[in-house]
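Only heavy atoms go into these numbers, but all of them, side chains included; no hydrogens, no water, no symmetry mates.
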Amino acid sequence: MTAPTHQLPADRTPDPAAPVPAQRNHDHGPADRADQRPPATDPERWPDIVTRPRASRARTAVAERIVRRALAKLPLRARLAGVEDIGVGGPLMDIRDPDAFFGRIGASGLIGFGESYMAGEWDAPDLVAVLTVLAGNAAELVPAPLQRLRSLWALRKPAAQLNTPEGSRENISHHYDLSNDLFALFLDETLSYSSAVFRGFPAEQSLLPAAQHRKIDRLLDAAGVGESTRLLEIGTGWGELAIRAAARGARVTTVTLSAEQRELARTRIREAGFADRVEVRLCDYRQVTGDYDAIVSVEMIEAVGEEFWPVYFTTLDRLLAPGGRVALQAITMPDDRLRASRSTYTWIHKYIFPGGLLPSTEAIERVTTEHSRLRTAQRIGYGAHYAETLRLWRERFTERSAEVDALGFDAVFRRMWTFYLAYSEAGFRSGYLDVQQLLLTREPTQQETP
């Protein structure tokens with residue numbers, strides 16, 4: 001999975017955070033003063049949680065005016081310091097430290113909004129409901145004149161996060177090499193970290209493994225994977241798709257940039273009895289050679305980066321054998337929001353997925369048409385299914401917080417991860433985001449035409 005990048009106001013670029021040793025004081029409340037670090041916070045690991053970035057009084061005042069104006073029109077109830085309510089009514093957003101909250105947004109926009117939650121300066125009894133309201137109104141939260149001046153006030157992605165072969169390895173490692181044990185705590189037994197496809201709603205934890213297999217099987221069916229199929233998987237995950245493809249009789253080459261994932265995927269594939277049918281390579285998709293009857297990639301395009309979308313699709317074109325098929329699962333965003341925010345640096349980039357960008361279906365069409373012979377033959381959306389998948393992950397993560405602590409992740413990390421899962425779920429619940437399964441086929445050359 002690559003997280004959504006829907007946005008509120010402008011953002012900022014300090015160093016990405018990393019997991020820190022577990023602390024015993026797990027107070028989630030705000031500090032006594034806005035510039036004092038919350039309890040149990042390591043200043044070396046969480047520098048911008050310990051001390052919020054400073055903004056001028058003028059910038060903070062402008063941010064407060066914009067945020068207050070936006071909140072006043074929304075179907076929620078923002079309570080400031082327990083004494084003032086803003087909004088037309090709805091889920092409660094409890095802004096415990098308004099000075100710190102507005103100051104962070106003034107300094108760093110959406111990054112400050114997320115960091116304020118990490119610091120415990122605001123909270124919500126139903127975090128997903130609050131974030132769903134915000135996501136559903138994302139395009140209107142910032143006044144139109146400021147939207148048009150985005151290039152002047154929005155911070156741009158750092159060059160260090162560019163998805164070159166070297167940069168991609170570091171970006172992927174930042175997220176996927178956190179800890180296999182951490183992911184195992186909230187994922188189901190298939191260790192599938194992408195949207196499932198359910199038979200009906202509401203979804204239940206016990207049904208998640210079958211729903212993940214249903215998702216995988218639909219992709220394999222679309223790609224025509226069966227006995228003796230030469231299958232390339234771009235983005236191994238923890239090996240479940242490769243295992244199911246091998247069980248069909250396919251010969252699988254699967255590539256990943258995560259050393260942690262590769263190690264566990266190899267173990268799972270071996271234990272399933274398919275070590276002779278599956279090769280797991282630690283390499284970039286651009287380094288793959290050969291011809292494949294089918295190519296499958298699940299929620300990996302989000303980590304490619306817009307600059308490299310042409311390279312990604314020309315690589316698929318190059319690797320696909322005549323008559324072959326490509327099945328992709330991709331998180332998508334509206335094309336107008338992609339165009340408006342494509343260069344902006346966000347909280348997701350800083351803390352969760354460096355270098356990520358969600359495509360739109362229109363962008364995929366533009367790139368494939370201009371740079372390859374690949375064409376979309378089929379497209380099916382499952383956005384509501386991702387919302388349910390994320391809910392199940394979030395609930396399980398919350399239930400197992402003591403085990404997260406035991407792995408060495410502190411209270412700030414837990415708030416960060418909770419915000420990430422809720423923020424992602426809200427994107428799908430609001431309809432701002434979708435997840436698509438796409439079937440791509442290749443136009444034949446004159447030599448290939450009968």
Side-chain angles (χ1 to χ4, degrees), residues 1-2 176 180 183-184 186-199 203-258 260-282 285 288 290 292-301 316 319-321 324-331 378 380 382 385-386 388-389 392-393 435-441:
M1 171 182 178
T2 296
Y176 292 97
N180 286 334
F183 288 100
F186 68 91
L187 300 179
D188 67 276
E189 64 198 50
T190 71
L191 292 182
S192 296
Y193 191 35
S194 53
S195 178
V197 176
F198 299 95
R199 290 193 183 277
E204 299 177 9
Q205 288 284 355
S206 62
L207 301 177
L208 187 52
Q212 291 291 3
H213 285 160
R214 188 174 301 112
K215 175 268 304 293
I216 291 171
D217 290 343
R218 290 192 180 191
L219 287 164
L220 295 179
D221 288 345
V225 175
E227 187 69 35
S228 300
T229 298
R230 297 170 299 167
L231 171 65
L232 170 65
E233 181 189 18
I234 298 178
T236 304
W238 287 276
E240 192 70 16
L241 188 145
I243 290 170
R244 288 189 77 78
R248 293 183 175 208
R251 296 257 172 209
V252 185
T253 299
T254 179
V255 299
T256 179
L257 289 176
S258 169
E260 290 274 339
Q261 285 191 329
R262 183 199 192 198
E263 180 181 356
L264 183 52
R266 280 181 158 179
T267 299
R268 297 181 74 236
I269 290 164
R270 183 176 64 252
E271 291 176 349
F274 296 118
D276 61 331
R277 287 186 173 273
V278 181
E279 179 185 6
V280 186
R281 298 180 186 172
L282 189 66
Y285 68 93
V288 179
Y292 298 90
D293 305 310
I295 302 174
V296 177
S297 188
V298 182
E299 295 178 27
M300 182 270 178
I301 188 175
L316 298 184
L319 296 171
L320 192 64
R325 294 180 165 201
V326 178
L328 304 180
Q329 183 160 306
I331 303 171
Q378 178 179 297
I380 304 173
Y382 297 100
H385 295 255
Y386 219 150
E388 286 294 281
T389 303
L392 295 177
W393 291 346
V435 62
Q436 313 268 346
Q437 285 192 356
L438 298 94
L439 171 63
L440 304 179
T441 56

Hey, are the side chains of Q329 and L219 touching, using non-hydrogen atoms and a 4.5 Å cut-off? yes
Flag yes if more than 12 heavy atoms outside Q205 fall under 6.0 Å of its CD atom; otherwise flag no. yes
Taking the six-membered ring for Trp, are Y382 and H385 parallel (under 30°), tilted (30 to 60°) or perpendicular (over 60°)? perpendicular
Identify the residue among L316, V298, V326, L328 that makes a side-chain contact (heavy atoms from CB on, under 4.5 Å) with I234. L316
Does a side-chain heavy-atom distance below 4.5 Å link L220 with L241? yes
Atom pair CG (L438) and OG (S297), whose distance is rounded to the nearest 0.5 Å: 11.0 Å
Pair D221, R325 - check salt bridge (Lys or Arg N to Asp or Glu O under 4.0 Å), show working. CA-CA 10 Å; D221 288 345; R325 294 180 165 201; over 6 Å; no
Rounded distance [0.5 Å steps], NE2 in H213 versus CD1 in I243: 8.0 Å
Between L208 and F198, is there a side-chain heavy-atom distance shorter than 4.5 Å? yes
Side chain to side chain, D217 and R248, heavy atoms closer than 4.5 Å: yes
Check: K215/S192 side-chain N/O donor and acceptor closer than 3.5 Å: no
D276 backbone acceptor or donor facing R251 side chain under 3.5 Å: yes
Minimum heavy-atom distance S195-E299, with the two atoms named: N-OE2, 3.0 Å
List the atom of A250, the atom of V225, and the distance in Å for their closest heavy-atom pair. CB-CG1, 3.7 Å
Verdict with supporting geometry, R262 and T236, side-chain contact (heavy atoms from CB on, under 4.5 Å): CA-CA 7 Å; R262 183 199 192 198; T236 304; over 6 Å; no
Heavy-atom nearest pair, Q261 first then T256, reads OE1-OG1, 3.5 Å
Any side-chain heavy atom of V288 within less than 4.5 Å of one from T253? no
State, yes or no, whether a side-chain contact exists between Q212 and E240 at a heavy-atom distance under 4.5 Å. no
What class does the angle between the rings of Y193 and Y176 fall in, given that below 30° is parallel, 30 to 60° is tilted and above 60° is perpendicular? perpendicular
Where do A245 and V252 come nearest, in terms of heavy atoms and distance? CB-CG2, 3.9 Å
Do the side chains of I269 and R277 get nearer than 4.5 Å, heavy atoms only? no
Distance-minimising heavy-atom pair for L187 and W238: CD1-CZ3, 3.9 Å
Compare every heavy atom of A265 with every heavy atom of G237, then report the nearest pair and how far apart it is. O-CB, 4.2 Å
Would R268 and L191 count as a side-chain contact (heavy atoms from CB on, under 4.5 Å) here? Give the steps. CA-CA 10 Å; R268 297 181 74 236; L191 292 182; 3.9 Å; yes
Residues in ring-ring contact (aromatic ring centres under 6.0 Å, His included) with Y292, at least two apart? none
To the nearest 0.5 Å, atom CZ of R218 lies from atom CG of L439 at 14.0 Å
